[in-house]
Undergrad: 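Quick one: the structure is below, questions incoming.
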Amino acid sequence: MVQSAVAQTWTTLAVLDWTTQRFTEAGIAGARLEAQLLLAHVLQCTRTQLYTGFDKPLAEGELAGYRALIKRRLGGEPVAYLLGEHEFWGLPLHVDSNVLVPRPDTETLIEVARAAIADRAAPCRVLDLCTGSGAIALGLAKELPAATVVATDVSPEAVAIAAKNAERNKLADRITVRQGDLFAPVAGETFDLIASNPPYIATAVLATLSAEVRREPVLALDGGADGLVFYDRICAEAPGFLVPGGALVVEHGFDQADTVRERFERAGFTGITLVHDLGKNPRVTWGRRP
Ligand code: SAM
Ligand code: GLN
C-alpha cells in the first residue's frame, strides 16, 4: 500500500491481506474485519461482495480513498467514525466524533431496563439521560412498542445526531430529543423508567485511555474527579421525576458498583440489583422508587 519501487497490482485480496497485517502490527484487535469494513465502505458494497471480485484490481481513485482511511485508522480514529455508522441493538446509527460509539456493554442496560417494565404493551414514559447517539432511547423505543421516550443531552451536536437516528429508524414519532443539563429539559414531568449511561471515567484516568477512546468527546467520558458526579446527581434527583414504583437503571464502570449502590440506597430506592455484562463485569445497577 505504501508507495513502493516494485510495481504491484492492488487487487481486493492483496489490499485486504496487506491491511490486515499492518493493522495487526498496530495492535488492532479485529484487523481483518476492520480492513473489510473500510474497503467495503470505499467500494460501496457489502463485505461479502468484496470476495466476489477478490482478484479485481482497485481503481486509482478507490485506492486513494482507501489509503486515506487506513492512515486515519492507524492514527487512532475509531473505525465507527470513519464509517460514520455503528450498529447497536440491531439499529443502524449514524455516529461521528461528537458522540460516544455505543458499546456492547450497554446492551445489558437495554435488557435490564426492558425487563423493569412489566407490561410492554401498556403505554409508558421513558427518559434516557445523556443520550449521545440516541442508542439507549432508540433501543428502548424498539423494545417497548407502546412507550414514548424523551432523550436529553447537554451537547447540541449529540442532540442533532440522536434526532437524526430516531428519524432514520422510523422511531421519531415516539422519541423526543431535548438539549440541556440532565433533568433540566424535563422539569415537572414524570416517567415510569429512567435509564442512563452517563460519563463515568475519573478525570485523571482520561489521559491513560486507548488512542481510540481518546478520540471520543471528553464530555461523553469525564465523570469528574472520582468518576461518580453523574451518579450523585442522577440518584438524588431521579425520585422527583419517577412515578411511584418507577425504575432507575444506570450503567457504570466495572469498579463502581458498590459506590453506585450506596447512592441508590441513600436516595431511598428499593430492590437495588446489580447486573453483570457479557464480559462478566459488574455493569448495570437498578432499583425502584417506593
Ligand atoms: N447514552 C449513549 C450511549 O450509551 O452510547 C452516550 C453515553 S456517553 C457515555 C455520555 C453522554 O452524556 C454524552 O453524549 C455527553 O454529551 C452527555 N453529557 C455530558 N454531560 C451531560 C450533562 N450535564 N447533561 C446531559 N448530558 C450530558
Ligand atoms: N464504556 C466507555 C469506556 O470504556 C465509557 C463510557 C462512559 O463513560 N459511560 O471508555
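Residue indices begin at 1 and follow the sequence shown. Owing to the predicted nature of the structure, the values given are computational and were not obtained by experimental measurement. In listed order, ligands and their atoms are each counted from 1.
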Undergrad: Should you measure from each heavy atom of D181, which atoms of ligand 1 turn up under 4.0 Å away?
TA: 22 (C), 23 (N), 24 (N)
Undergrad: Both conditions, 6.0 Å and 45 degrees, for the charged tip of R263 above the ring of Y231: are they met here?
TA: no
Undergrad: Evaluate the ring planes of F241 and F183, with Trp represented by its six-membered ring, and classify them as parallel (under 30°), tilted (30 to 60°) or perpendicular (over 60°).
TA: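 If you compare the ring of F241 with that of F183, the planes turn out parallel.
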Undergrad: Starting from atom 9 (C) of ligand 1, which protein heavy atom do you reach first, and at what distance in Å?
TA: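 Scanning the protein heavy atoms, the shortest distance from atom 9 (C) of ligand 1 goes to A220 O, 2.9 Å.
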Undergrad: Quick one: does Y200 get within less than 4.0 Å of ligand 1, heavy atoms only?
TA: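 False for this residue.
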Undergrad: What atoms of ligand 2 come within less than 4.0 Å of a heavy atom belonging to N197?
TA: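 Listed by number with element: 9 (N).
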Undergrad: Under 4.0 Å between a Lys/Arg side-chain N and an Asp/Glu carboxylate O for D105 and R283?
TA: yes
Undergrad: Can you report which non-hydrogen protein atom sits closest to atom 20 (N) of ligand 1, along with the distance?
TA: F230 CZ, 3.4 Å
Undergrad: Donor-acceptor pair, R288 side chain versus L248 backbone, under 3.5 Å?
TA: no
Undergrad: Numbering the atoms of ligand 1 from 1, which are under 4.0 Å from a heavy atom of S155?
TA: 16 (O)
Undergrad: Counting each atom of ligand 1 from 1 as listed, which ones have a heavy atom of G132 under 4.0 Å away?
TA: 6 (C), 14 (O)
Undergrad: Among the heavy atoms of L219, does any lie under 4.0 Å from an atom of ligand 1?
TA: yes
Undergrad: Where do L221 and V213 come nearest, in terms of heavy atoms and distance?
TA: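 Here L221 and V213 meet closest at CD1-O, 3.6 Å.
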Undergrad: I'd like to know if the side chain of E107 and the backbone of W89 have a donor-acceptor N/O pair within less than 3.5 Å.
TA: yes
Undergrad: Do E62 and R67 meet the salt-bridge criterion of a basic N to acidic O distance under 4.0 Å?
TA: no
Undergrad: Is ligand 2 less than 4.0 angstrom away from at least one heavy atom of P198?
TA: yes
Undergrad: Can you sort out which atoms of ligand 2 are near P199, meaning under 4.0 Å from one of its heavy atoms?
TA: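 Atoms satisfying the 4.0 Å criterion: 8 (O).
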Undergrad: Establish, from distance only, whether the side-chain atoms of T131 and D128 form a donor-acceptor pair under 3.5 Å.
TA: yes
Undergrad: Tell me, which protein residue and heavy-atom name are nearest atom 24 (N) of ligand 1, and how many Å apart are they?
TA: L182 N, 2.9 Å
Undergrad: For atom 6 (C) of ligand 2, which protein heavy atom lies nearest, and how many Å away is it?
TA: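 For this ligand atom, the closest protein heavy atom is Y200 CZ, 3.9 Å.
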Undergrad: Would you find a donor on one side and an acceptor on the other, under 3.5 Å apart, between the side chain of Q256 and the backbone of G253?
TA: yes
Undergrad: Please say whether E251 places an N or O atom under 3.5 Å from an N or O atom belonging to ligand 2.
TA: no
Undergrad: Write out the residue and atom name of the closest protein heavy atom to atom 14 (O) of ligand 1, then the distance separating them to 0.1 Å.
TA: D153 OD2, 2.6 Å
Undergrad: Could a heavy atom of L100 be found less than 4.0 Å from some atom of ligand 1?
TA: yes
Undergrad: Any nitrogen or oxygen of L209, side chain or backbone, less than 3.5 Å from one on ligand 2?
TA: no
Undergrad: Got the closest protein heavy atom to atom 2 (C) of ligand 1, with its distance?
TA: T131 O, 3.2 Å
Undergrad: Geometry only, no angles: is C130 polar-contacting ligand 1 at N/O separations under 3.5 Å?
TA: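 Between C130 and ligand 1 (N or O atoms, distance only) the closest approach is under 3.5 Å.
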Undergrad: Counting non-hydrogen protein atoms only, what is the nearest one to atom 27 (C) of ligand 1? Give residue, atom name and distance.
TA: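 Here the nearest protein heavy atom works out to V154 CG1, 3.5 Å.
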Undergrad: Given I161, V95, N197, D222, identify the one with the heavy atom nearest to atom 7 (C) of ligand 1.
TA: N197
Undergrad: Check contact between G180 and ligand 1, using heavy atoms of the residue and a distance below 4.0 angstrom.
TA: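 A heavy atom of G180 does come that close to ligand 1.
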Undergrad: Sequence neighbours left out, what pairs pass side-chain hydrogen bond (donor to acceptor under 3.5 Å, both in side chains) with at least one residue falling in residues 152-164?
TA: S155-E157
Undergrad: We want to know whether S133 and H94 form a side-chain donor-acceptor pair, criterion being a heavy-atom distance below 3.5 angstrom.
TA: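 Looking only at side-chain atoms, H94 and S133 do not form any donor-acceptor pair under 3.5 Å.
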Undergrad: May I ask you to decide if V95's main-chain N or O and H86's side chain share a donor-acceptor pair within less than 3.5 Å?
TA: no
Undergrad: Could you check atom 3 (C) of ligand 2 against the protein and tell me its nearest heavy-atom contact, residue, atom and distance included?
TA: R103 NH2, 3.7 Å
Undergrad: T52 side chain to Q49 main-chain N or O, any donor-acceptor pair under 3.5 Å?
TA: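 Yes: the side chain of T52 pairs with the backbone of Q49.
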